[in-house]
2 protein chains.
Amino acid sequence: MSRATLRDVAKLAGVSVATASKALNGQPQVRAETRERVVRAAEQLSFSPNTLAQGLITQRSGTVGLLTSDLEGRFSIPILMGAEDAFGSDQTSVFLCDARGDTIREKHHLRALLSRRVDGLIVVGARPDSRPSLGELPIPVVYAYAPSDDPGDISLVTDNVGGGRTAVDHLIRCGRRRIAHITGDPGYSAAQDRARGALDRLAEEGLELSGGEVWFGMWSEAWGRGATRMLLDRDPGVDAIFAGSDEIARGVLDVLHEERIDVPSQVAVIGFDNWSVLAANSRPPLTTIDLNLEQLGRIAAQRLSAAMEGHPASGVETFPVRLITRESTAPLR
Amino acid sequence: MSRATLRDVAKLAGVSVATASKALNGQPQVRAETRERVVRAAEQLSFSPNTLAQGLITQRSGTVGLLTSDLEGRFSIPILMGAEDAFGSDQTSVFLCDARGDTIREKHHLRALLSRRVDGLIVVGARPDSRPSLGELPIPVVYAYAPSDDPGDISLVTDNVGGGRTAVDHLIRCGRRRIAHITGDPGYSAAQDRARGALDRLAEEGLELSGGEVWFGMWSEAWGRGATRMLLDRDPGVDAIFAGSDEIARGVLDVLHEERIDVPSQVAVIGFDNWSVLAANSRPPLTTIDLNLEQLGRIAAQRLSAAMEGHPASGVETFPVRLITRESTAPLR
DNA sequence: GGATCGTCCGAAAACCTTTTCGAATGCGTA
DNA sequence: TACGCATTCGAAAAGGTTTTCGGACGATCC
């Protein structure tokens, strides 16, 4: 199976290439009967137009680059999927590049993408902290998840403060009053922001944090277990725990279970990320905060399309997160 | 920042486009001094060649397609990463397409990729069962993880039978004699193959399966928990459990812990997949089988490159898996 | 001094498609 | 019959690069 060119189609249909092109592209200046002949010829040869040649003329490659830093991470994938299906697959294809967190590899990929004449670029960071801007480029760029440090760029991020607030709000609505917060690495803005949202909401209610402080540590189950033990020592009367990630929440659940403390009747637990393999299969299944990353990806694609159409934007847009209710939280009876 | 063309470079250097091209591509028929001038001009204009135009001439786009069916799944990502870094990023870029398990979407993507003149295609299935061949295409195709049903295609799969054998072998070497196997959906060839490998190795040793049968069920923690309870009922003396996935293994560990049965001193547990978020953070960390998927991706890229260079191959190649020893298994004292 | 040769460079074709513009045809009208 | 007009088609240029081939030039040799 080899590739037919438009010339082959034209020859088979007995017309010129120009006419063949117009016939296939729905241009009006071609008789219906002629068009029909061309279309049949194209089908017969299973012709498909060479997008490279088209791109050369139209100055549009119909491709975008997606530059990520953590493919194996769980954040870039949903964004990528959202972006992929916001661009109709017929119109735009996406080049995937993983820089593995390495700046020179990133530069390398960037060169390659520019040379491929991508029409735009989505940059997905590995963590929500801001990252260096790529600077001025001949094509539009949208930063997703991790914002650019240049406010002139377009950045799309999730609302971690709002997420922390939502989590605590949910616990309060469940009638909990002694709420603790166990979270990950304090060097992550995600940890700081979620904690801030939580504290804000507590303050509104006139509540103090159970345990007296935010338990910063690591994004791991082990830390969730360790922190929970310390917390139970310090405040045995705790009635809810907001975990900064689902991994941490798993550790929390594990220790509570071990201590024969019932979830949710004695202590409610809420996670963060809605990483479903962890959250949906725990005992009990975990109430958590979903980051809406697919949506973030879709919007990134839309913003990029708009910019490519000549409607640029700038600044950081923050997108709301979503509460996913499962069985690890419930109203106090 | 706009894009300079080769003509601009040539003009600035005071040579013809032909010479400029040769100078930049290291062709010998150009004086060193001239070449130098051209190179400087190119740098000054930050020229980067238009790959579309190059592809038009060389009949090589320098791109490959990666057609997957489960991006969110954990299998395609490592393969993708392996493939991505086996193709040097300077040479080849990869188009990522997720068909979401939908045949017509797959056809759609395929059309788009062919129209983009990709030089080759890697097809990554969602599960190790064989999948329909894409049929005759003008470019080489490599099937990874899920083999094609056409033996004329190139397929690369992991050795599930060997994995089952390795797992049981490891347990036997730990001195275990009453080994059970809890695994997932019997409709998956992965479940069948792993079980077969396990049974083969047991038979060699003259051992029977503890519990009397393979516990097929679902790929979930919940099933791991349920099956373990039934197993403990039927054979309280079991001293090792081979779980068909890390998720199942987590469920197994959970129930053993609840029953105050120590792992590994009383019962050893081994998982499958080395899904690190589950395996590395469990209590105790899980010995498991790694599928070497990055390697599979790298080899897929190599096979594809070879085929693109005119060295095609065919048939199903099976790749070995790797035992990852952590703390959930240990020799009986 | 003329022939031969090697070195370096440029003109032009090629890749495949789109688009512009002019030509041809047929028709109706004066 | 001559003209204008609408319709349909084709020739050709354009997009950016690579590659072939021939030309110019200086040097070497008899």
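So you know, we letter chains A, B, ... as the sequences are listed, proteins then strands, and number each from 1. In what follows, every heavy atom counts, from backbone to side chain, and hydrogens, waters and symmetry copies are set aside.
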Rounded interatomic separation in angstrom, taking CZ from B:Arg7 and P from D:dT17: 10 Å

Around B:Arg60, counting heavy atoms of other residues, nucleotides and ligands shown, do more than 12 lie under 6.0 Å from its CZ? yes

The side chain to side chain donor-acceptor pair (under 3.5 Å) partners of B:Ser76 (sequence neighbours excluded) come to B:Asp70

Where the side chain of B:Asp149 meets the backbone of B:Ser133, is there a donor-acceptor pair that is under 3.5 Å apart? yes

Work out which heavy atom in B:Leu24 is nearest to a heavy atom in B:Ala42; give both atom names and the distance. CD2-CB, 4.0 Å

For chain A, the stretch of DNA chain C it reaches, first to last nucleotide, under 4.0 Å of its heavy atoms: C:dC16 to C:dT20

Which residues satisfy the side chain to side chain donor-acceptor pair (under 3.5 Å) test with B:Asn274, sequence neighbours excluded? B:Asp290, B:Arg326

Its contact letters, B for base, S for sugar-phosphate only and - for none at protein heavy atoms under 4.0 Å, make nucleotides 18-28 of chain D read BBB--------

Does some side-chain heavy atom of B:Ile77 sit less than 4.5 Å from a side-chain heavy atom of B:Thr68? no

Name all pairs fulfilling the ring pair (Phe, Tyr, Trp, His ring centres under 6.0 Å) condition that reach into residues 83-106 of chain A, sequence neighbours left out, sorted by first residue then second. A:Phe95-B:Phe95

Where along residues 34-43 of chain B does a heavy atom fall under 4.0 Å from DNA chain D? none

Between A:Thr5 and B:Gly14, whichever has its closest DNA chain C nucleotide further toward 5' is B:Gly14

Return the value, rounded to whole Å, for the distance between atom CG of B:Leu52 and atom P of D:dG16. 11 Å

List the steps, then state whether side chain to side chain contact (heavy atoms under 4.5 Å, CB included) holds for A:Ile139 with B:Arg3. CA-CA 10 Å; A:Ile139 50 169; B:Arg3 325 176 189 213; 3.2 Å; yes

Contacts of type side chain to side chain donor-acceptor pair (under 3.5 Å), residue A:Thr51, not counting sequence neighbours: B:Ser115

Quick one: list whatever passes side chain to side chain donor-acceptor pair (under 3.5 Å) with A:Asp98, sequence neighbours left out. A:Arg100

Among pairs that include at least one residue of residues 101-110 of chain B, which meet side-chain hydrogen bond (donor to acceptor under 3.5 Å, both in side chains), considering only residues two or more places apart or in two chains? B:Glu106-B:Arg131

Can you list every side-chain hydrogen bond (donor to acceptor under 3.5 Å, both in side chains) pair that touches residues 301-312 of chain A, not counting sequence neighbours? A:Arg303-A:Glu317

With a cut-off of 3.5 Å and sequence neighbours excluded, list every side-chain donor-acceptor pair involving residues 116-127 of chain A.
{"from": "A:Arg116", "atom 1": "NH1", "to": "B:Ser93", "atom 2": "OG", "distance (Å)": "2.6"}
{"from": "A:Arg116", "atom 1": "NH2", "to": "B:Ser61", "atom 2": "O", "distance (Å)": "3.2"}
{"from": "A:Arg116", "atom 1": "NH2", "to": "B:Gly62", "atom 2": "O", "distance (Å)": "2.9"}
{"from": "A:Arg117", "atom 1": "NH1", "to": "A:Leu114", "atom 2": "O", "distance (Å)": "3.0"}
{"from": "A:Arg117", "atom 1": "NH2", "to": "B:Ser48", "atom 2": "O", "distance (Å)": "3.2"}
{"from": "A:Asp119", "atom 1": "OD1", "to": "A:Ser61", "atom 2": "N", "distance (Å)": "3.1"}
{"from": "A:Asp119", "atom 1": "OD1", "to": "A:Ser61", "atom 2": "OG", "distance (Å)": "3.4"}
{"from": "A:Asp119", "atom 1": "OD2", "to": "A:Ser61", "atom 2": "N", "distance (Å)": "3.4"}
{"from": "A:Asp119", "atom 1": "OD2", "to": "A:Gly62", "atom 2": "N", "distance (Å)": "2.7"}
{"from": "A:Arg127", "atom 1": "NE", "to": "A:Asp129", "atom 2": "OD1", "distance (Å)": "2.9"}
{"from": "A:Arg127", "atom 1": "NH2", "to": "A:Asp129", "atom 2": "OD1", "distance (Å)": "3.1"}
{"from": "A:Arg127", "atom 1": "NH2", "to": "A:Gly187", "atom 2": "O", "distance (Å)": "3.1"}

Atom NZ of A:Lys11 to atom P of D:dC9: distance rounded to whole Å? 20 Å

Just how large is the angle between the end axes of the helix from C:dG1-D:dC30 to C:dA30-D:dT1, five pairs per end, to 10 degrees? 70°

